[in-house]
Number of protein chains: 2
Amino acid sequence: MADHPESPETYGEIDPRVEALVHDLIAQVADKWTMIIIEVLHDHGEQRFTRIAEKVPGISQKMLTQTLRQMERNGLVKRTVHPVVPPKVEYRLTDLGESLGEAFCGVWTWAETHLGTVEAARKGFDEKVG
Amino acid sequence: MADHPESPETYGEIDPRVEALVHDLIAQVADKWTMIIIEVLHDHGEQRFTRIAEKVPGISQKMLTQTLRQMERNGLVKRTVHPVVPPKVEYRLTDLGESLGEAFCGVWTWAETHLGTVEAARKGFDEKVG
DNA sequence: CGAGATACTCACCAAAAAGAAAGTGTGAAG
DNA sequence: CTTCACACTTTCTTTTTGGTGAGTATCTCG
């Protein structure tokens, strides 16, 4: 599973660290929940846990916590705890988070633009096969 | 799981069909293997099955077939079978596939640019936690 | 005193995804 | 007649994911 010394160039001159990070990030951004949370936080600004949950229908507490933690670890969101009772925790996008949202716009736009093409391709493919 | 009439706007005015497709596509594009295959095909042009496999270390035959099929279904690659023996099958990116690769560049670039920032954020986070 | 609010965590389980390995069809080469 | 190449497919096993529901800490309100 390590390197293949016999295949000199696997692909290009890509720094494996960048590779790994891209995979990582993309896997996360691509993640259903991360994507939506970035959008919610972008559109509505700083929000607390329960508010986010309300705006992301279908998410479980577990996944919300998990996703938010992951985003925090990657520096995409800032988590602010107010030491009051009952607890109050607020989340907001960092500059990094905002910039990722923007970078991702290209893919969103692509998807919107080519919606029809992709649907047609799928239909064509499924007809030939099915 | 449908709408929340009591929360008038969950997020924006997004057509749920677009939503769904975007999630779908993004999940697929974001896929580790799809990303790499797009790159390989972009850099090296049309390639046959085994050649791709060689350039994507770690992928299993199953996943390669699966990913390629999915990409074909979405119109990202063209599959050409030459009726010879032993079999010869070639894959190449369609215009749609190329355009997706380009749209994705933004994210790649983002990742390269912010590699350091993210790594630092992770380190900081892990130190506080661990 | 007991309920309620908030932001979690934890344990358990089912489903889905992925890996590993062996099998398939066909014709040419040895 | 056996072997090999190629592009898969199939089966089996393992790993990863995600949902559910209960539990926790703390202070306030009725």
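Order of the sequence lines sets the chain letters (A, B, ...), proteins ahead of strands, with each chain counted from 1.
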In whole angstrom, give the distance that lies between atom [atom1] of [X] and atom [atom2] of [N].
X: A:K62; N: C:dC12; atom1: NZ; atom2: P; value: 13 Å
X: B:E54; N: D:dA7; atom1: CD; atom2: P; value: 10 Å
X: A:L64; N: C:dT9; atom1: CG; atom2: C1'; value: 14 Å
X: B:D31; N: D:dT16; atom1: CG; atom2: C1'; value: 15 Å
X: B:Y91; N: D:dC6; atom1: OH; atom2: P; value: 14 Å
X: A:I59; N: D:dT20; atom1: CD1; atom2: C1'; value: 15 Å
X: A:M63; N: D:dT20; atom1: CE; atom2: P; value: 12 Å
X: B:R79; N: D:dA7; atom1: CZ; atom2: P; value: 10 Å

So what does B:K88 touch, heavy atoms closer than 4.0 Å: a base, only the sugar-phosphate, or nothing? sugar-phosphate
Over all strands shown, is B:T65 touching base, sugar-phosphate only, or nothing at heavy-atom distances under 4.0 angstrom? base
Between [X] and [N], does any side-chain N or O lie under 4.0 Å from OP1 or OP2?
X: B:R48; N: D:dA7; result: yes
X: B:T50; N: D:dA5; result: no
X: A:R69; N: C:dC8; result: yes
X: A:S60; N: D:dG19; result: yes

What distance do [X] atom [atom1] and [Y] atom [atom2] have between them, rounded to the nearest 0.5 Å?
X: A:W33; Y: A:I38; atom1: CH2; atom2: CD1; answer: 14.5 Å
X: B:I52; Y: B:I36; atom1: CD1; atom2: CD1; answer: 12.5 Å
X: A:W110; Y: A:T117; atom1: CH2; atom2: OG1; answer: 8.0 Å
X: B:M63; Y: B:T34; atom1: CE; atom2: OG1; answer: 8.0 Å

The single option from B:E90, B:E54, B:K55 that satisfies side chain to side chain donor-acceptor pair (under 3.5 Å) with B:Q47 is B:K55
Minimum-distance pair of heavy atoms, taken over all atoms of A:A103 and B:G106: CB-O, 3.9 Å
Kindly give the heavy-atom pair with the smallest separation between A:R92 and A:L41, and that separation in Å. CA-CG, 4.3 Å
Would you list the atom pairs, donor with acceptor, under 3.5 Å between side chains in residues 71-78 of chain A and any protein atom, with sequence neighbours excluded?
unit_1	atom_1	unit_2	atom_2	d
A:R73	NH1	B:D126	OD1	2.9
A:R73	NH1	B:D126	OD2	2.5
A:N74	OD1	B:R122	NE	2.6
A:N74	OD1	B:R122	NH2	3.2
A:N74	ND2	A:Q28	OE1	2.4
A:N74	ND2	A:Q70	O	3.3

How does protein reach along nucleotides 25-30 of chain C, written 5' to 3' as B (base within reach of a heavy atom under 4.0 Å), S (only sugar-phosphate), or - (no contact)? BBS---
Could you label the plane-to-plane angle of the B:F49 and B:Y91 rings as parallel, tilted or perpendicular, counting under 30° as parallel and over 60° as perpendicular? tilted
So for the helix from C:dC1-D:dG30 to C:dG30-D:dC1, with five pairs setting each end axis, what is the inter-axis angle to 10°? 30°
